[in-house]
J.: 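A single structure is presented below for examination.
Being a predicted model, the structure only gives us computed values, none of them experimental. Whatever order the structure lists them in is the order used to number ligands and atoms, beginning at 1.
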Amino acid sequence: MTELISTEPATGAVLWTGTTGDANQAVADARTAWPGWAAMAVTRRIEAVRRYANRIKSQADTLAKLISRETGKPLWEAHTEVESVIKKIDISVNAYLERTAQRQLKSQPNMRAALRHKPHGVLAVIGPYNFPAHLPNGHIIPALIAGNTVVFKPSEKTPAVGQFLADTFAESGLPTGVVNILQGGPDIGKELTANDGLDGVLFTGSAHTGIALNRQFANRPDKILALEMGGNNPIIGWDTDDIHSAAVMIVQSAFLSSGQRCSAASRLIVKDSLYDRLVSEVKRISNRLIIDEPFSTPAPFMGPVIDNKVADGLTESFLALMSHGGQPIKHMARPFGDRPFLTPGIIDVTRMKERPDLELFGPLLQVIRVNDFDEAIAEANNTRYGLSAALIGGNAQQYDQFWSNSRAGIVNWNKLTVGASSEAPFGGIGLSGNHRPSAYYAADYCAYPVVSMEADQAHASIGIGLKDEMADAIEAATAAAAAAAE
Ligand code: NAD
Ligand code: SIN
């Protein structure tokens with residue numbers, strides 16, 4: 001066991017201290033609890049998660065404040081995260097019933113054919129720090145409804161929020177061992193995923209970690225692995241009469257949550273003739289954004305990034321882009337000394353020969369100037385990732401072209417790249433996921449289908465390919481009579 005400390009990014013104050021957990025014990029506890037939980041009627045499992053939602057509702061302010069303190073995100077934004085946690089229960093119940101409920105299939109007379117789903121068993125849920133409540137919750141709730149038990153490893157950067165969720169599950173009367181919290185960082189995550197007692201891993205985090213998990217489970221087709229990973233998401237700025245609205249959508253897509261959203265726009269692809277007006281409006285609005293502590297007044301648009309290491313990495317990336325030919329439009333700065341606040345950085349990378357296809361997880365927007373729409377689409381797809389993509393402006397025909405040719409799991413028109421609905425599937429292709437989208441489709445990877453043909457009596461006959469019994473008897477009798485006559 002080693003000590004784990006969580007500090008508030010906005011203030012540097014210590015928020016939470018604890019120790020790392022025991023992965024083997026957590027899996028063993030989940031395994032012990034599993035048969036009872038899986039055998040329980042689904043209605044009772046749903047009741048249990050509804051009790052949890054009610055407890056979250058009654059402590060919504062406390063949880064929102066905790067999220068703000070631990071991540072640095074503004075309080076108004078933390079409240080929207082808590083809302084998503086609560087809404088997830090009804091959404092998951094609907095998804096379970098729609099996608100994995102028991103169903104009668106067409107069958108022969110005197111026969112029933114049933115489609116039912118079974119839980120996998122014990123699932124690890126490994127969470128990121130940027131939505132420390134909403135994203136793990138988005139895996140835990142569907143997993144529980146389907147009848148799995150869970151070992152939940154929150155990000156080592158947000159253990160307090162993870163603990164809050166686990167305590168709330170316990171206070172809601174879930175049987176012991178159904179949700180087990182395992183605190184710790186990548187090492188504990190490795191111990192957890194190496195435990196053969198797991199039946200699967202539901203992961204949200206970077207492509208780097210997701211690829212490591214994919215490799216680790218390459219020869220284990222018996223384990224379910226759902227990977228929700230990052231993005232290098234494009235937003236195209238095209239002809240529009242409303243430059244201001246276009247710029248607002250670009251700013252929100254790039255800089256909400258200080259750019260720490262998997263669906264954040266990191267590449268603005270803009271039509272040459274629109275460049276000056278659109279980019280200067282994006283810069284003007286970005287200059288006006290209030291960047292401050294989560295509880296400050298007036299309310300900030302964005303807070304700090306998660307820690308100084310991440311902030312340093314982002315400012316270094318900005319400089320690296322500059323040193324490789326990027327033209328700064330708005331410098332990324334550290335306005336509050338040694339705390340990890342960043343001002344949005346905007347840089348034109350059009351002339352860079354080789355642009356790094358990396359997820360730079362923070363408020364950093366790269367701008368690429370193009371001449372025509374085909375070039376814009378080619379630039380949008382010029383990434384190994386494929387999470388979200390948006391076209392701002394343009395016409396219906398161009399949107400059709402964009403939609404048809406975009407390689408991403410979310411393709412929007414005149415809407416942000418971020419702010420996906422939990423009532424829709426959420427996932428991407430390429431390095432953004434392994435074709436197991438989450439949100440509404442989480443039900444699919446939390447249970448596996450079992451098809452059964454059933455009849456009350458065993459009743460069967462072979463109609464074709466059998467020798468005629470009577471002919472066989474006559475043949476035998478004839479042979480015997482012939483033998484006797486000899
Ligand atoms: P991360 O990959 O560094 O860590 C995620 C989790 O994995 C943490 O709990 C960490 O402790 C654990 N971990 C790290 N290495 C591990 C290993 N080898 N084995 C097992 N567990 C391990 O990601 P992060 O920095 O916490 O989160 C930010 C990333 O998450 C970004 O890339 C972002 O795009 C992505 N993200 C994706 C989605 C999505 O739904 N697609 C949503 C939110 C965030
Ligand atoms: C995320 O999960 O990181 C972002 C979700 C969204 O805003 O679309």
J.: Taking the six-membered ring for Trp, are H134 and F131 parallel (under 30°), tilted (30 to 60°) or perpendicular (over 60°)?
T.: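 Judged by the thresholds at 30° and 60°, the geometry between H134 and F131 is perpendicular.
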J.: Starting from atom 36 (N) of ligand 1, locate the nearest protein heavy atom and write down its residue, its atom name and how far away it is, to 0.1 Å.
T.: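 Result for atom 36 (N) of ligand 1: C262 CB, 3.6 Å.
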J.: Of the side chain and backbone of L192, name the one, both, or neither that has a heavy atom under 4.0 Å from an atom of ligand 1.
T.: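 The answer is neither.
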J.: Short list, please: which atoms of ligand 1 are under 4.0 Å from a heavy atom of T204?
T.: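 Every atom of ligand 1 under 4.0 Å from some heavy atom of T204: 5 (C), 37 (C), 38 (C), 39 (C), 40 (O), 42 (C), 43 (C).
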J.: Nearest non-hydrogen atom to atom 15 (N) of ligand 1 belongs to which of N232, V125, T209, V201?
T.: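 When every heavy atom of N232, V125, T209, V201 is considered, T209 comes closest to atom 15 (N) of ligand 1.
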J.: Just need the protein heavy atom nearest to atom 32 (O) of ligand 1, so name the residue and atom and give the distance.
T.: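 Here the closest protein heavy atom is E359 OE1, 2.5 Å.
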J.: Quick one: which ligand 1 atoms are inside 4.0 Å of a heavy atom on L135?
T.: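 Matching atoms, with element in brackets: 42 (C), 43 (C).
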J.: For ligand 1, which part of I188 has a heavy atom less than 4.0 Å away: the side chain, the backbone, both, or neither?
T.: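 The answer is neither; I188 stays 4.0 Å or more away.
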J.: Have a look at ligand 1 and work out which part of S206, if any, has a heavy atom under 4.0 Å from it: side chain, backbone, both or neither.
T.: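 Both backbone and side chain.
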J.: Which ligand 1 atoms are under 4.0 Å away from a heavy-atom of F426?
T.: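 Counting atoms of ligand 1 from 1, those under 4.0 Å from F426 are 39 (C), 40 (O).
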J.: Looking only at protein heavy atoms, which one is nearest to atom 3 (O) of ligand 2, and how far off is it?
T.: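 Looking only at protein heavy atoms, the one closest to atom 3 (O) of ligand 2 is C262 N, 2.9 Å.
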J.: Side chain, backbone, both or neither: which part of F203 has a heavy atom under 4.0 Å from ligand 1?
T.: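 The part of F203 near ligand 1 is the side chain, not the backbone.
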J.: Atom 21 (N) of ligand 1: which protein heavy atom is closest, and how many Å away?
T.: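 I find the closest protein heavy atom is G189 CA, 3.6 Å.
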J.: Can you tell me the protein heavy atom closest to atom 27 (O) of ligand 1 and the distance?
T.: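 For atom 27 (O) of ligand 1, the nearest protein heavy atom is P128 CB, 3.4 Å.
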J.: Who gets closest to atom 41 (N) of ligand 1 by heavy atom: Q260, M229, R215?
T.: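 Going through Q260, M229, R215 one by one, M229 has the nearest heavy atom to atom 41 (N) of ligand 1.
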J.: For S438, which part has a heavy atom under 4.0 Å from ligand 1: side chain, backbone, both, or neither?
T.: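 Neither part.
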J.: I need the contact type for I410 against ligand 2. Using non-hydrogen atoms and a strict under-4.0 Å cut-off, is it side chain, backbone, both or neither?
T.: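 The answer is neither.
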J.: Tell me which protein heavy atom sits closest to atom 10 (C) of ligand 1, plus the residue, atom name and distance to 0.1 Å.
T.: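 The closest heavy atom on the protein side is E156 OE1, 3.5 Å.
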J.: Numbering the atoms of ligand 1 from 1, which are under 4.0 Å from a heavy atom of N130?
T.: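 Once the distances to N130 are compared, the set is 43 (C), 44 (C).
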J.: Among protein heavy atoms, which sits nearest to atom 28 (C) of ligand 1, and what does the distance come to when rounded to 0.1 Å?
T.: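 Closest protein heavy atom to atom 28 (C) of ligand 1: F361 CE2, 3.6 Å.
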J.: Hey, is ligand 2 close enough to L135 that some N/O pair sits below 3.5 Å?
T.: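 It does not: no N or O of L135 is found under 3.5 Å from an N or O of ligand 2.
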J.: Among protein heavy atoms, which sits nearest to atom 8 (C) of ligand 1, and what does the distance come to when rounded to 0.1 Å?
T.: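 Ranking protein heavy atoms by distance from atom 8 (C) of ligand 1, first comes G127 O, 3.2 Å.
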J.: Establish, from distance only, whether the side-chain atoms of N308 and R334 form a donor-acceptor pair under 3.5 Å.
T.: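 Looking only at side-chain atoms, R334 and N308 do form a donor-acceptor pair, the distance falling under 3.5 Å.
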J.: Please list the nearest protein heavy atom to atom 4 (C) of ligand 2 with its residue and the distance rounded to 0.1 Å.
T.: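 The answer is S263 OG, 3.3 Å.
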J.: Side chain, backbone, both or neither: which part of N130 has a heavy atom under 4.0 Å from ligand 2?
T.: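 Near ligand 2, N130 shows its side chain, while the N, CA, C and O stay back.
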J.: Report the member of G205, A264, G230 with the shortest heavy-atom distance to atom 35 (C) of ligand 1.
T.: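 Looking at heavy atoms only, G205 sits closest to atom 35 (C) of ligand 1.
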J.: Pairs of nitrogen or oxygen atoms closer than 3.5 Å, one from A420 and one from ligand 2: do any exist?
T.: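 Checking ligand 2 against A420, an N or O pair does fall under 3.5 Å apart.
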J.: Where is the nearest protein heavy atom to atom 26 (O) of ligand 1: which residue, which atom, and how far?
T.: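 Of every protein heavy atom, Y129 CD2, 3.3 Å lies nearest to atom 26 (O) of ligand 1.
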